[in-house]
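Following: one structure in structure tokens, then a few remarks.
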Amino acid sequence: MRRCLRRHRLGLALALSSCHAKPPPSPEPPPDESAESEPEPEPEREPAPEPFAWQHELVPSTAGEFALLSMGTRLWASPKAREPVAAARRHGAVQVIGQADGFVEVALDWRPDADTAYCWPPAYPLALRVFVRKDELQDVVTKTKVVDFGDGTGLSIAPGAAVQSSSDGLRLSSATVVRNHGGVSAVVPADTDLALGKIYTPARDSRMHDVSLEPGTVRAGSKVYDYLANTPVFAYAEHDPSHVLYGAECLQIAGFHTARPERSGGSWVDERSHHDDFAVDLGGLIGKGGPQREFENLYEIPANAALSWPNGATAGTSVRALWIQRKPIRRGSRRCFTLALDSYAYGGDMSTLEFCVGATVAKFIG
């Protein structure tokens, strides 16, 4: 009986022990492949376009000193003369020879250097040496200046740009000599820090300017300017061709160009600058209106000809050949001509200046 009871207890213990046995381990989950894989590379982005570097500070040239005749600047054969020989009737550059006692001796023409920004054409195509009162010369910028309006627009100003006060600030002007175009103007605030004076040293500038745009407008700062046909464009932004730098040798305007819509019957044509008081005449022939077809009384004054005043005093040396259509006056061994000083747009009495050359120097054409 006891032996059977032991066997019963042993079987019960074994049965209980089997109930408390640990279950077999569950299989491990598969590895998370998404956690181990590398992230997808982002698509390459195009680099941001470089800012349009329109700012352009010019360096001085070695061309010497120059000045700008103003409308009405009186011309004297000598500082001691009682009366002037004439008065200028248009703006034009003159080469400075010397200064003394409030007078500046200048040449009305010179031998130009191709990569020098003179700002204005020679006052007259004959290198007569005259005297002018310094205080009658036009105010000009004398040092390079960059005016940045902070919105991608602004002005690059070179020595020689003319300055005038206006109702909305200072008006700057320069002729576009390379294109026989009237010129450009721009306005800056009256408190702009500009170096001003009467005499300037031109800057050296070898920029190419063989591009032009359709007539329209250019916004620079708070101003909108007319863009006239054939005004030189010096540069433009590669990513935005409407963002341009245009203007003249000594006044370059950075702004945004908008073409003017075509009008019925054809495109717009601009024949001259809209700043008439600074318009310049760039004709190569002297004489009111130029030579006539019949070439009546036409003479040629060659380059390197000695020039003199009617009283015999030395008046300079010509630097280029010149045609003049006026009958000369004989003064001994010389022939004397009158040089018209008028702007062709001027409507008043004609202003002239008399000069002489040797009788054998002036070549009669017909």
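Each residue takes its place number in the sequence, starting with 1. None of the values given here were measured: they were computed from a predicted structure.
- Salt-bridge formation is not detected for the pair Asp135/Lys198: no Lys NZ or Arg NE/NH1/NH2 atom is positioned less than 4.0 Å from an Asp or Glu carboxylate oxygen.
- Looking only at distances, a side-chain donor or acceptor of Arg334 sits under 3.5 Å from a matching main-chain atom of Trp309.
- With 3.5 Å as the limit, one finds a donor-acceptor pair spanning the side chains of Asp148 and Gln55.
- Between Arg331 and Glu354 a salt bridge is recorded (basic side-chain N to carboxylate O distance below 4.0 Å).
- Within the structure, salt bridge (charged side-chain N to carboxylate O under 4.0 Å, His left out) contacts touching residues 91-108 (residues at least two apart or in different chains) are Glu105-Arg129.
- Without hydrogens or angle criteria, Ser318 side chain to Ala305 main chain gives a donor-acceptor distance under 3.5 Å.
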(request) Take Val357 and Phe337, measure what side chain to side chain contact (heavy atoms under 4.5 Å, CB included) needs, and give me the verdict at the end. (result) CA-CA 8 Å; Val357 297; Phe337 299 85; 4.1 Å; yes
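- Listed for the Gln138 side chain is a donor-acceptor partner under 3.5 Å among the backbone atoms of Val163.
- Among residues two or more places apart in sequence or in another chain, the side-chain hydrogen bond (donor to acceptor under 3.5 Å, both in side chains) test is passed with Arg133 by none.
- Using cut-offs of 30° and 60° on the angle between ring planes, the pair Phe256 and His243 is parallel.
- Ring centers of Phe234 and Tyr246: at least 6.0 Å apart, outside the cut-off.
- Ile329 and Leu126 fall into different hydrophobic clusters, where Ile, Leu, Val, Met, Phe, Trp and Tyr residues are linked whenever their side-chain heavy atoms come under 4.5 Å apart, directly or through other members.
- Counting only distance, with no hydrogens or angles, the side chain of Tyr236 and the backbone of Asp240 share no donor-acceptor pair below 3.5 Å.
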(request) Determine, stepwise, if the pair Leu213 / Val244 fulfils side chain to side chain contact (heavy atoms under 4.5 Å, CB included). (result) CA-CA 10 Å; Leu213 305 172; Val244 300; 3.8 Å; yes
(message) Would Val94 and Val130 count as a side chain to side chain contact (heavy atoms under 4.5 Å, CB included) here? Give the steps.
(response) CA-CA 10 Å; Val94 291; Val130 298; over 6 Å; no
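- No hydrogens or angles considered: nothing links the side chains of Thr217 and Arg260 as a donor-acceptor pair under 3.5 Å.
- Checked by atom type, the side-chain pair Ser185/Ser173 shows a donor-acceptor distance below 3.5 Å.
- Every pair passing salt bridge (charged side-chain N to carboxylate O under 4.0 Å, His left out) that includes a residue from residues 216-225 is listed here, sequence neighbours excluded: Asp151-Arg219, Asp168-Lys223.
- With Gln95 contributing its side chain and Leu108 its backbone, the two residues share no donor-acceptor pair below 3.5 Å.
- With Asp109 as the fixed residue, the side-chain contact (heavy atoms from CB on, under 4.5 Å) test singles out one of Leu322, Val319, Thr317: Val319.
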(message) Between Ile199 and Lys134, is the side chain to side chain contact (heavy atoms under 4.5 Å, CB included) condition met? List the steps.
(response) CA-CA 9 Å; Ile199 295 174; Lys134 189 173 183 178; 4.2 Å; yes
